[in-house]
K.L.:
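What follows is a structure written as structure tokens; I'll ask about it next.
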There are 2 protein chains.
Amino acid sequence: MSMKSKSTSELKASIHRVEEICKSNKLGLTEIRKQVFEIIVKNNKPIKAYEILDTISNINNKPSHPPTVYRAIDFLIENGFVHKLNSINSFVGCFHPKAHKECYFLICKKCNIYQECCDDSLKDRISKTAIHNNFVISNTTLEIEGHCLDCSQK
Amino acid sequence: MSMKSKSTSELKASIHRVEEICKSNKLGLTEIRKQVFEIIVKNNKPIKAYEILDTISNINNKPSHPPTVYRAIDFLIENGFVHKLNSINSFVGCFHPKAHKECYFLICKKCNIYQECCDDSLKDRISKTAIHNNFVISNTTLEIEGHCLDCSQK
DNA sequence: CATTGCAATGTTATAACATAACATATATTA
DNA sequence: TAATATATGTTATGTTATAACATTGCAATG
């Protein structure tokens, strides 16, 4: 599995998927929320809240404010369209929305490109670990930082 | 495995272990670094940088500044004595220093007590996932949030 | 035993990340 | 259409973290 960036068609599909899910679940995909989602998925690398803020201010040709962006992000995370990478305070689009709330990531420190790795056996292992500790999981953060194939060959 | 807090003797042992490791590795365990480590391990729950700052200011009866605390934390993390929980911007002492750089955590959202879970099969699974993706790991963050046995029974 | 170099700390300021609180607007529905 | 809920605008501020440069203390070297 390479860490190359998403194709235009993948991006379109991803945006369309979110629209469909919102429609069928009566979730208010407002203009701002849609803009923020598009900015995130099109970025191809993890993006920071204030970068989104700048981008959206430019697009709309008027300044936006942090709460606007953070609220949109909250909505998108809430519904599984976006994930937060806590180790780098950044956000990424999810290419498997509704398939899972939890998602695991490989993040290349050099090129910054990331890869979702929704590995079932990993998922199993984590849930077994939790069970073994009598622990009820509500949220899992798994972020693996390092170097992708391309960058480690350079 | 319960999530009860550490005993006094465990704390002492943990501090002593760090002292020994620093001595034998010629690491400068200065007064400030030692104070910060003790504050973190004695806290028993994840502690925030600015809480450490307040505590240390009180202990020494004079104000300390953020860089002082963050530098000490950096040193402690660098050497595996302390871990950062990125999902809650907090720090915890490591009870297995030098045994590993990576450490996985169960964090109870209710009582805030945490548990290191250095499960080998989990470790294996993660490294297999990385290999499968041709990825060279430099750092792993695995934080499992939820409820511990005690708290989920209440 | 100066002096030079280095590691650690002190200090000031500010950058980066995030939310509280309240006002306003827009959509929904009784 | 009034009442309610949902979303957004706006101002201010809270929280987390680091840059940059000055100072100190101590160990190695000439």
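Remember, it's a predicted structure, so these values are computed and weren't measured experimentally. Numbered from 1 within each chain, the chains take letters A, B, ... in sequence-line order. Below, each value reflects all heavy atoms present in this structure, side chains not excepted, and no hydrogens, waters or symmetry copies.
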K.L.:
Can you name the nearest heavy-atom pair linking B:Asn112 to B:Pro46, along with the distance?
P.N.:
O-CD, 3.0 Å
K.L.:
Measure CG/B:Asp74 against P/C:dA8 and give the value in whole Å, please.
P.N.:
12 Å
K.L.:
Would you name the heavy atoms of B:Ile56 and B:Gln35 that are closest together and state the gap between them?
P.N.:
CG1-OE1, 3.2 Å
K.L.:
Starting at atom NZ of B:Lys34, determine the distance to atom C1' of C:dT9, rounded to an integer number of angstrom.
P.N.:
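Atom-to-atom, B:Lys34 to C:dT9, this comes out as 18 Å.
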K.L.:
Tell me which residues in residues 49-66 of chain A lie within less than 4.0 Å of DNA chain C, going by non-hydrogen atoms.
P.N.:
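Within residues 49-66 of chain A, the residues near DNA chain C are A:Tyr50, A:Pro66.
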K.L.:
Once you round it to whole Å, what is the distance between P of C:dA23 and CZ of A:Arg71?
P.N.:
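Going from A:Arg71 (CZ) to C:dA23 (P), I get 14 Å.
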K.L.:
Please figure out whether B:Thr30 or B:Asn89 has its closest DNA chain C nucleotide nearer the 5' end.
P.N.:
B:Thr30
K.L.:
So, OP1 or OP2 of C:dT9: does either fall under 4.0 Å of a side-chain N or O from B:Thr68?
P.N.:
no
K.L.:
Using whole Å, what does the distance between atom P of nucleotide C:dC17 and atom CD1 of A:Ile47 come to?
P.N.:
12 Å
K.L.:
Mind checking the CD1-CD1 spacing from A:Ile73 to A:Ile52? Nearest 0.5 Å is all I need.
P.N.:
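Taking CD1 in A:Ile73 and CD1 in A:Ile52, the distance rounds to 4.0 Å.
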K.L.:
Shortest non-hydrogen contact from B:Gly93 to B:Val41?
P.N.:
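Minimum heavy-atom contact is CA-CG1, 3.8 Å.
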K.L.:
Ring centroids only, cut at 6.0 angstrom: are B:Phe91 and B:His83 within range, meaning strictly under it?
P.N.:
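For B:Phe91 and B:His83, the ring centres are not under 6.0 Å apart.
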K.L.:
Establish, with yes or no, whether the OP1 or OP2 oxygen of C:dT19 is under 4.0 angstrom from a side-chain nitrogen or oxygen of A:Tyr70.
P.N.:
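Looking at the OP1 and OP2 atoms of C:dT19, neither is under 4.0 Å from any side-chain N or O of A:Tyr70.
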K.L.:
Taking all non-hydrogen atoms of both residues, which atom of B:Gly28 and which atom of B:Phe75 are closest, and how far apart?
P.N.:
O-CZ, 3.8 Å
K.L.:
Taking the side chain as every heavy atom from C-beta outward, state whether A:Arg125 and B:Asp119 have any atom pair closer than 4.5 Å.
P.N.:
yes
K.L.:
Can you measure A:Lys26 atom NZ to C:dA27 atom P for me and round it to whole angstrom units?
P.N.:
17 Å
K.L.:
Do you know the tightest heavy-atom contact between B:Glu10 and B:Phe95?
P.N.:
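Shortest heavy-atom separation between B:Glu10 and B:Phe95 comes out as O-CE2, 4.2 Å.
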K.L.:
For A:Leu29 and C:dA27, give me the distance from atom CG to atom C1', rounded to whole Å.
P.N.:
15 Å
K.L.:
Please report the closest heavy-atom contact between A:Cys111 and A:Cys148, naming both atoms and the distance.
P.N.:
SG-SG, 4.0 Å
K.L.:
Which nucleotide span of DNA chain D, 5' end to 3' end, has atoms closer than 4.0 Å to non-hydrogen atoms of chain B?
P.N.:
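Nucleotide range with atoms under 4.0 Å of chain B: D:dT16 to D:dA20.
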